[in-house]
Amino acid sequence: MRNAGRVWQELSGLLLPVACAGCGRPRTELCTACGAALHGGPARLVRPSPRPPGLPAVYAAAPYENAVRAVLLAHKERGALGLAGVLGRALAGCVRAGAGQPRDAGPLLLVPVPSARSSTAARGHDPVRRIAAAAARDLRRAGLPTQVLPLLRQRRAVADQSGLGARQRRANLAGALELTARGGRVLRHELLRHELLRHGPLRLGRVILVDDLLTTGSTLAEAARAVGEAGGVGRESSVHGVCRAAVVAASPTAFEINRN
């Protein structure tokens, strides 16, 4: 039944009248103006305040407000799956910014932040993983070898994050994520195969944590900790030695802090 629901979501987007997910303009899934809100500028380095310990460098395409917020919610909560392509393109730009110009020729390894199983079941899809897959296709078309490695999982239940402050979110998520047994093996295999794992910390740039949104940074910091453990490094060294992160959008204040 879950697969049937996903098929219906995809077909309904083709057969039924559509309106822009950002502003409601008729007969277009995303109008030019709302598309420009996502893709109109370069990816920016963003930083929440306070910055949680262990948060890697994070690049975002746009502030989470107005049309961008509406588009992300339409894809995530209302099953507008056709938006995955444009969201993936925005994420791909942030991945490029995060990866920089590393010297090795290994692939980019995109590690999606996992959703709770109950949330994925209720939505009928995993929005972050879907956007990550679209971003990987965009990057491969541009000649950048890219893999999506869904290696993380929640190892315990967490409370609903809405309404929690930064400190409460950090406490809520502390130790909540882990690499699957297969995930740890796959990640180490890829890092060794492409000579990214040396005698010490992992080299920066090719492992990119991906999510749709950054608010307090607690989720990405926890994901970085879990990935860092696979590389045998600690929480703070993961900021500089293991991975970076890319998101479609970040809270407006995260942009303002860096602007100042």
Side-chain angles (χ1 to χ4, degrees), residues 35 38-39 41-46 56-62 72 75-76 81-115 120 125-153 177 179-180 182-198 201-214 219-220 223-224 226-228 230-231 238-250:
L38 272 171
H39 306 118
R44 293 274 304 278
L45 184 66
V46 294
V58 184
Y59 290 82
L72 276 169
H75 174 262
K76 186 174 188 174
L81 305 183
L83 295 170
V86 293
L87 293 170
R89 182 153 57 94
L91 183 63
C94 301
V95 170
R96 290 189 193 94
Q101 299 293 329
R103 296 176 183 177
D104 61 81
L108 292 168
L109 307 176
L110 307 188
V111 180
V113 170
S115 300
T120 299
H125 74 124
D126 185 331
V128 175
R129 189 167 174 178
R130 186 179 290 272
I131 295 171
R137 289 192 294 270
D138 190 271
L139 292 162
R140 288 193 292 267
R141 282 193 294 267
L144 294 172
T146 307
Q147 299 177 36
V148 178
L149 300 179
L151 307 179
L152 293 168
R153 68 181 177 193
L177 299 181
L179 268 72
T180 64
R182 176 179 176 274
R185 292 193 300 269
V186 169
L187 183 59
R188 281 185 167 274
H189 172 75
E190 290 297 330
L191 294 169
L192 287 166
R193 183 160 71 93
H194 297 286
E195 298 184 344
L196 301 178
L197 184 58
R198 305 297 186 185
L202 305 180
R203 290 175 63 190
L204 179 67
R206 305 309 270 187
V207 179
I208 311 290
L209 298 171
V210 294
D211 205 350
D212 55 352
L213 174 65
L214 175 135
T219 303
L220 285 171
V227 171
S238 71
V239 178
H240 303 289
V242 175
C243 57
R244 291 185 178 179
V247 297
V248 176

Self-check item: Closest approach of L152 to A223 (non-hydrogen atoms, all atoms of both residues)
Solution: CD1-CB, 3.8 Å

Exercise. With sequence neighbours left out, write down each residue that passes salt bridge (charged side-chain N to carboxylate O under 4.0 Å, His left out) with R182, or none if nothing qualifies.
Key: none

Quiz item: Atom CZ of R137 and atom CZ of R89: how far apart are they, to the nearest 0.5 Å?
Solution: 13.5 Å

Practice problem: Kindly write out the residues that satisfy side chain to side chain contact (heavy atoms under 4.5 Å, CB included) with A61, not counting sequence neighbours, or none if the list is empty. | Solution: A90, C94

Quiz item: Mind checking what makes side chain to side chain contact (heavy atoms under 4.5 Å, CB included) contact with A60, not counting sequence neighbours?
Solution: V46, V247, A250, F255

Quiz item: How far apart are the closest heavy atoms of A43 and A97, and which atoms are they?
Solution: CB-CB, 3.8 Å

Exercise. Determine the minimum heavy-atom distance between T219 and V113, stating which atoms define it.
Key: CG2-CG1, 3.3 Å

Quiz item: Roughly how far apart are L151 CG and L177 CG, rounded to 0.5 Å?
Solution: 12.0 Å

Quiz item: Do L87 and K76 have side chains that get closer than 4.5 Å, going by heavy atoms?
Solution: no

Quiz item: What pair of heavy atoms forms the shortest contact from L149 to P112, and how long is it?
Solution: O-CD, 3.4 Å

Quiz item: How far does CZ of R96 sit from CD1 of I208, to the nearest 0.5 angstrom?
Solution: 12.0 Å

Quiz item: Hey, is the main chain of G93 close enough, under 3.5 Å, to the side chain of H39 for a donor-acceptor pair?
Solution: no

Quiz item: Can you tell if the side chain of L179 reaches within under 4.5 Å of the side chain of V227, non-hydrogen atoms only?
Solution: yes

Quiz prompt | Closest heavy-atom pair and its distance - V128, V210 | solution = CG1-O, 3.5 Å

Self-check item: Which atom of V148 lies closest to which atom of A136, heavy atoms considered
Solution: CG2-CB, 3.7 Å

Self-check item: Partner set under side chain to side chain donor-acceptor pair (under 3.5 Å) for D211, not counting sequence neighbours
Solution: none

Practice problem: Please name all residues satisfying side chain to side chain contact (heavy atoms under 4.5 Å, CB included) with A84, sequence neighbours left out, ordered by chain then number. | Solution: H75, R130

Practice problem: Return the set of residues passing side chain to side chain contact (heavy atoms under 4.5 Å, CB included) with R129 (not counting sequence neighbours), or none when no residue passes. | Solution: D126, P150

Quiz item: Are the side chain of R244 and the backbone N or O of A57 linked by a donor-acceptor pair below 3.5 Å?
Solution: no

